Amino acid sequence: MFKVFIPQKNLTLLAETGENLMDVLIAGGLPVASSCLGEGVCSKCAVEVTPAGEPGDRETKTLTRNNKSLDQRLCCQVFITQDLEVKTTYW
Ligand code: FES
């Protein structure tokens with residue numbers, strides 16, 4: 001079990017190993033923007049994740065194509081394997 005800490009809400013969510021970050025955030029009651037339903041192509045779900053981990057090629061292409069910072073992660077493409085801290089501008 002890992003912790004996903006949301007400092008803006010002072011909220012800690014719990015996640016199983018390999019659970020999808022977008023699913024955990026939505027289950028925790030946090031709104032996550034999306035127009036591709038987690039397919040990794042719209043980039044609307046981009047958030048700041050610490051530690052950021054390594055985005056895959058597809059994720060990097062999507063972030064670049066949509067002029068997103070490469071410091072962000074697409075939460076629909078993050079599978080949790082450690083404790084994380086997550087921020088976004090709209091929470
Ligand atoms: S929901 Fe579209 S890229 Fe994540």
Side-chain angles (χ1 to χ4, degrees):
M1 203 61 116
F2 295 106
K3 294 177 183 173
V4 177
F5 181 57
I6 316 299
Q8 292 158 288
K9 300 283 188 185
N10 193 26
L11 174 68
T12 300
L13 304 172
L14 298 177
E16 301 287 343
T17 301
E19 202 167 354
N20 180 270
L21 179 57
M22 184 170 159
D23 292 342
V24 170
L25 296 173
I26 291 171
L30 295 164
V32 177
S34 169
S35 65
C36 74
L37 304 177
E39 293 295 322
V41 296
C42 74
S43 81
K44 292 186 175 187
C45 69
V47 293
E48 295 176 39
V49 178
T50 307
E54 288 293 320
D57 289 345
R58 178 182 183 174
E59 185 176 353
T60 299
K61 285 179 187 173
T62 297
L63 288 166
T64 301
R65 185 180 66 246
N66 292 298
N67 299 316
K68 296 286 187 181
S69 167
L70 293 178
D71 292 336
Q72 294 182 306
R73 295 291 312 270
L74 301 176
C75 68
C76 72
Q77 301 300 303
V78 174
F79 295 90
I80 299 168
T81 58
Q82 60 188 322
D83 290 345
L84 300 175
E85 182 175 295
V86 182
K87 298 178 187 172
T88 188
T89 56
Y90 57 85
W91 287 337

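Just follow the structure's listing: the first ligand is 1, and inside any ligand the first atom is 1. This is a predicted model, so every value here is computed, not measured.
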Indicate if Val41 and Leu63 have the same hydrophobic cluster label, given that clusters are the connected sets of ILVMFWY residues with side-chain heavy-atom separations under 4.5 angstrom. no
Hydrophobic cluster membership, Tyr90 vs Val4, 4.5 Å side-chain cutoff: yes
Sorted by chain and number, sequence neighbours left out, side-chain hydrogen bond (donor to acceptor under 3.5 Å, both in side chains) with Gln77 holds for none
Listed protein N/O/S atoms, distance to atom 2 (Fe) of ligand 1 under 2.8 Å: Cys36 SG, Cys42 SG
Any chance you could measure [X], atom [atom1], to [Y], atom [atom2], to the nearest 0.5 Å?
X: Glu19; Y: Met1; atom1: CD; atom2: CE; value: 8.0 Å
X: Trp91; Y: Leu30; atom1: CH2; atom2: CG; value: 5.0 Å
X: Arg58; Y: Thr60; atom1: CZ; atom2: OG1; value: 12.0 Å

